[in-house]
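Shown next, in C-alpha cells, is the structure this report addresses.
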Amino acid sequence: MSDANANDHVPVRPFTVIAIDGPAGSGKSTVGRRLAALLGLHYLDTGAMYRGVTFAALRRGIDPIDADVVARLARQVELTLTDGGLVVDGTDATIEIRGPEVTRAVSIVAANPEVRVEMVRRQREWAKTHGGGVLEGRDIGSVVFPDAALKVYLTASPEVRASRRSKEVTDLSYETVAADLARRDALDQGRDVSPLEVADGAVLVDTTHRDIEDIVAELVALVPS
Ligand code: DC
C-alpha cells in the first residue's frame, strides 16, 4: 500500500509519457487519473476522442460506416477535453458520448484507419503541449508512444469489467452491458489497424481483485526518475 496522498507529487523527468492500455472496464481511467495526480502529469482519455468523433458523425446524420466522410469529419471536428468532460464543436457532449448510441457505433469509427491517423496526431500534439502526460486507450504503448517511460496493460475478468461498467450506466441491465462489452472486445481486438494488444515491454496488471491504491503504488515505483 502507498501512504502517498493526492497532493504529493512524485518527481518525474521532463516530458514523461505513461501509456495505459486495456479493454473497457479494466480500470484504466481510475488508475490513470490517480497516477497522473500523483506524478503531477496531465491525463488524456483517448477513448473520449473516438467517442467525440462518433458523436459528431451521428449528430450530422453521417453513417459511421461511411469511412471517407467520417475521416474528413475527424480532421475537421473540434474536440476540447475538459476535466472529465468533452466539448465537440462547441457543444458539451460529456453525457452523450457515454450513451448507448455512441457506445454502439464507436468501434466502427475507431476501426477507420484515417480517423486513427488523425487521433494519433492529435494525441502526440497534446503530449507535446502538456509536457508529456498519462494517456489511456488501446494503442498508446503500441502505436502512439512506443517509447513511453512506462507502458501498462490493465486487464480484469469479463465479469468484473461488466459489473464495473453496469454500475456506471445505471439504465442498462448487467446482461446488456456484458454482451456489449464482449462485442466491443471482439471488434477492438480483431480490427486490422492498431488492434488492442499488449505492447512490447508493457507491464501486465490484472485488476480483478486488486485495490486501486495498491496498483497505483506498484506503478509509481516503476516510473523512471
Ligand atoms: O475506452 P472507451 O470505451 O471510451 O473507448 C471507446 C472506443 O474507442 C472503444 O471501442 C475502443 C476505441 N479506442 C481505440 O480504438 N483506441 C484508443 N486509443 C482509445 C479507444
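Below, each value reflects all heavy atoms present in this structure, side chains not excepted, and no hydrogens, waters or symmetry copies. Whatever order the structure lists ligands and atoms in, that order sets their numbers, starting from 1.
A distance limit of 4.0 angstrom between heavy atoms and ligand 1 selects the residues Thr46, Gly47, Tyr50, Arg51, Arg98, Val106, Ser107, Ala110, Arg116, Gly137, Arg138, Asp139, Arg165, Arg184, Asp188, Arg191.
Arg51 and Thr103 share a donor-acceptor pair across their side chains, judged by distance under 3.5 Å alone. With hydrogens and angles left out, the side-chain atoms of Tyr43 and Glu136 include a donor and acceptor closer than 3.5 Å. At a cut-off of 3.5 Å, with distance as the only test, no side-chain donor of Thr30 or Arg164 sits close to an acceptor on the other residue.
More than 12 heavy atoms of other residues, nucleotides or ligands shown are found within 6.0 angstrom of CD on Gln189.
You'll find the side chain of Val223 stays beyond 4.5 Å of the side chain of Leu219, heavy atoms only.
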Next item on the list: Show the numbers, then the answer: is there a salt bridge (charged side-chain N to carboxylate O under 4.0 Å, His left out) between Arg210 and Glu218?
Entry: CA-CA 11 Å; Arg210 297 270 313 266; Glu218 177 186 336; 2.8 Å; yes
